[in-house]
Asker: 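Below you will find the structure I want to go over with you.
Atoms within each ligand, like the ligands themselves, are counted from 1 in listed order. Given the structure is predicted, the values throughout are model-derived calculations rather than measurements.
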Amino acid sequence: MNAALGTIAGRVRAVLDEMQRAAARAGRLPESVRLIAASKTVSVERLRQAVDAGVRHLGENRLQEALPKIDTLEREGVVWHFIGTLQRRKVKSVVGRFETIHSVDSLALAEEIDRQAKTAGLRQRILLEVNLAGEASKGGFEPTTLVAALESLNGFEHLDIRGLMAIPPPTPTAEDARPYFRQLRTLAQALTARGYRNINMQELSMGMSHDYPVAIEEGATYVRVGTAIFGARGE
Ligand SMILES: *Cc1c(COP(=O)(O)O)cnc(C)c1O
């Protein structure tokens with residue numbers, strides 16, 4: 001066991017190395033995949049260690065928890081991503097503060113983001129969250145509803161739609177998650193082929209601590225990794 005793996009910096013390096021190897025296996029450029037460190041429940045001191053070790057992107061689930069972290073790490077040049085369930089009444093505070101909102105799970109939410117982005121005078125980058133396995137416990141667009149949704153979304157001038165995000169159902173092994181990752185990529189390709197003017201499907205946000213190498217082999221452009229960097233959250 002490598003002693004450096006006992007530190008956040010060591011684990012960041014291990015994850016970045018593993019990401020490079022997965023990209024190489026798939027014949028992809030290492031810079032085509034970005035690491036987002038999932039920062040929920042992690043203190044700002046520990047986040048700073050990750051940033052010092054080379055993490056540029058942080059992903060937060062809850063607005064209240066994110067705000068003081070965003071302020072404290074302001075000078076570090078961190079790019080913030082919103083990855084948790086977003087309530088419509090929080091949209092106003094999220095728009096413009098996070099580079100990308102990964103978890104846009106309904107038309108109503110997209111519409112509110114568009115509205116608030118218009119008020120703020122910006123275009124908000126978003127990804128559409130897809131409920132791949134039709135799990136009742138999870139939000140997200142059902143794959144079969146996405147085409148109809150895009151017809152509406154294409155008219156929202158203050159959204160910059162960049163791609164898809166998914167959290168597959170728990171699987172016994174990373175390998176078992178592969179069909180879900182492949183399904184998300186295929187879906188993005190099918191939607192791209194429809195040629196919507198305002199919609200770009202190049203980003204795929206998929207893969208977490210237990211399965212990110214497989215997600216990269218299947219085309220992930222963002223992986224969201226928490227436990228493998230910061231340790232167990234004790235949830
Ligand atoms: C917590 C979280 C992650 C990271 O999960 P780990 O299993 O700890 O890597 C990724 N994505 C989302 C949306 C999360 O909430």
Side-chain angles (χ1 to χ4, degrees), residues 5 8 10-19 22 33-44 46-47 49-51 53-67 69-70 78-87 90-91 94 97-106 109 113 125-133 135 137-141 162-178 180-181 184 203-235:
L5 287 179
I8 287 174
R11 289 191 297 256
V12 165
R13 279 193 297 274
V15 169
L16 290 172
D17 285 351
E18 187 61 42
M19 286 174 63
V33 197
R34 282 140 302 164
L35 170 63
I36 297 176
S39 61
K40 58 175 176 279
T41 79
V42 180
S43 70
V44 77
R46 291 165 63 75
L47 293 182
Q49 290 174 37
V51 170
V55 167
R56 276 211 64 220
H57 300 263
L58 293 178
E60 189 59 63
N61 293 62
R62 297 177 198 94
L63 177 67
Q64 274 77 356
E65 196 182 329
L67 293 179
K69 293 176 180 175
I70 293 174
V78 170
V79 179
W80 285 94
H81 300 259
F82 196 90
I83 63 174
T85 304
L86 178 55
Q87 291 158 342
K90 303 263 173 78
V91 165
V94 166
R97 270 210 177 91
F98 293 81
E99 188 218 36
T100 304
I101 305 172
H102 290 231
S103 41
V104 179
D105 57 6
S106 71
L109 180 61
I113 295 171
R125 269 191 195 208
I126 66 163
L127 307 180
L128 304 176
E129 181 170 354
V130 184
N131 190 344
L132 290 173
E135 292 169 280
S137 60
K138 263 184 207 157
F141 293 91
R162 308 292 288 200
L164 303 178
M165 180 271 224
I167 308 170
T171 52
T173 71
E175 201 47 46
D176 293 319
R178 188 182 297 276
Y180 293 110
F181 297 140
L184 197 70
E203 305 290 356
L204 292 176
S205 173
M206 58 187 193
M208 315 203 313
S209 289
H210 63 290
D211 55 16
Y212 69 88
V214 175
I216 291 171
E217 288 170 12
E218 293 301 329
T221 63
Y222 288 115
V223 293
R224 308 176 312 269
V225 177
T227 314
I229 294 173
F230 300 112
R233 286 180 293 272
E235 281 166 5

Asker: What protein heavy atom sits nearest atom 8 (O) of ligand 1, and how far away is it?
Answerer: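 Result for atom 8 (O) of ligand 1: Thr227 OG1, 2.5 Å.
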
Asker: Roughly how far, to the nearest 0.5 Å, is CG of Asn61 from CD1 of Ile83?
Answerer: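 Between atom CD1 of Ile83 and atom CG of Asn61 there are 4.5 Å.
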
Asker: Nearest protein heavy-atom contact for atom 11 (N) of ligand 1: which residue, which atom, what distance?
Answerer: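 Minimum-distance protein heavy atom for atom 11 (N) of ligand 1 reads Arg224 NE, 2.9 Å.
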
Asker: Between Trp80 and Glu60, is there a side-chain heavy-atom distance shorter than 4.5 Å?
Answerer: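 Heavy-atom side-chain distance check passes, below 4.5 Å.
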
Asker: Give the ring-plane orientation class for His81 versus His57, where under 30° counts as parallel, over 60° as perpendicular and anything between as tilted.
Answerer: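 Answer is tilted, since the angle falls between 30° and 60°.
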
Asker: Is Gly226 in polar range of ligand 1, meaning some N or O pair under 3.5 Å apart?
Answerer: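 Among all N and O atoms of Gly226, at least one is under 3.5 Å from an N or O of ligand 1.
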
Asker: Are Leu35 and Ile229 close enough that some pair of their side-chain heavy atoms sits under 4.5 Å apart?
Answerer: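 They are in side-chain contact.
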
Asker: Just to check, does His210 reach to within less than 4.0 Å of ligand 1 when the distance is taken from its heavy atoms?
Answerer: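 His210 does not count as a contact of ligand 1 under the 4.0 Å cut-off.
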
Asker: Quick one: which ligand 1 atoms are inside 4.0 Å of a heavy atom on Asn61?
Answerer: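 Counting from 1, the qualifying ligand atoms are 14 (C), 15 (O).
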
Asker: Heavy-atom distances under 4.0 Å decide this one: backbone, side chain, both or neither, for Ser209 against ligand 1?
Answerer: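 For Ser209, backbone and side-chain atoms both sit under 4.0 Å from ligand 1.
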
Asker: Run through His102, Arg162, Arg34 and flag the one making a side-chain hydrogen bond (donor to acceptor under 3.5 Å, both in side chains) with Glu203.
Answerer: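 Between Glu203 and the candidates, side-chain hydrogen bond (donor to acceptor under 3.5 Å, both in side chains) is satisfied uniquely by Arg34.
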
Asker: Quick one: nearest non-hydrogen protein atom to atom 2 (C) of ligand 1, plus distance?
Answerer: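 It is Lys40 NZ, 2.5 Å.
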
Asker: Which bit of His102 gets closer than 4.0 Å to ligand 1, counting heavy atoms only: side chain, backbone, both or neither?
Answerer: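 For His102, there is no contact with ligand 1 at all, from either part.
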
Asker: Within a distance under 4.0 Å of any heavy atom of Val225, pick out the atoms of ligand 1 and give their elements.
Answerer: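 By the 4.0 Å cutoff, the relevant atoms are 9 (O).
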
Asker: Nearest to atom 10 (C) of ligand 1, what protein heavy atom do you find, and at what distance?
Answerer: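 Protein heavy atom at minimum distance: Met208 SD, 3.2 Å.
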
Asker: What part of Ile83 sits under 4.0 Å from ligand 1 if we count only heavy atoms: the side chain, the backbone, both or neither?
Answerer: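 Within the 4.0 Å criterion, Ile83 contacts ligand 1 through backbone and side-chain atoms alike.
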
Asker: State whether Lys138 and Glu129 are salt-bridged, where the test is any N-O pair (Lys NZ or Arg NE/NH1/NH2 against Asp/Glu carboxylate O) under 4.0 Å.
Answerer: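 Looking at Glu129 together with Lys138, the answer is no, because their closest N to O distance does not fall below 4.0 Å.
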
Asker: Can you check whether Val225's main-chain N or O pairs, donor with acceptor, with Ser209's side chain at less than 3.5 Å?
Answerer: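 Flag not set: sc Ser209 to bb Val225 has no pair under 3.5 Å.
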
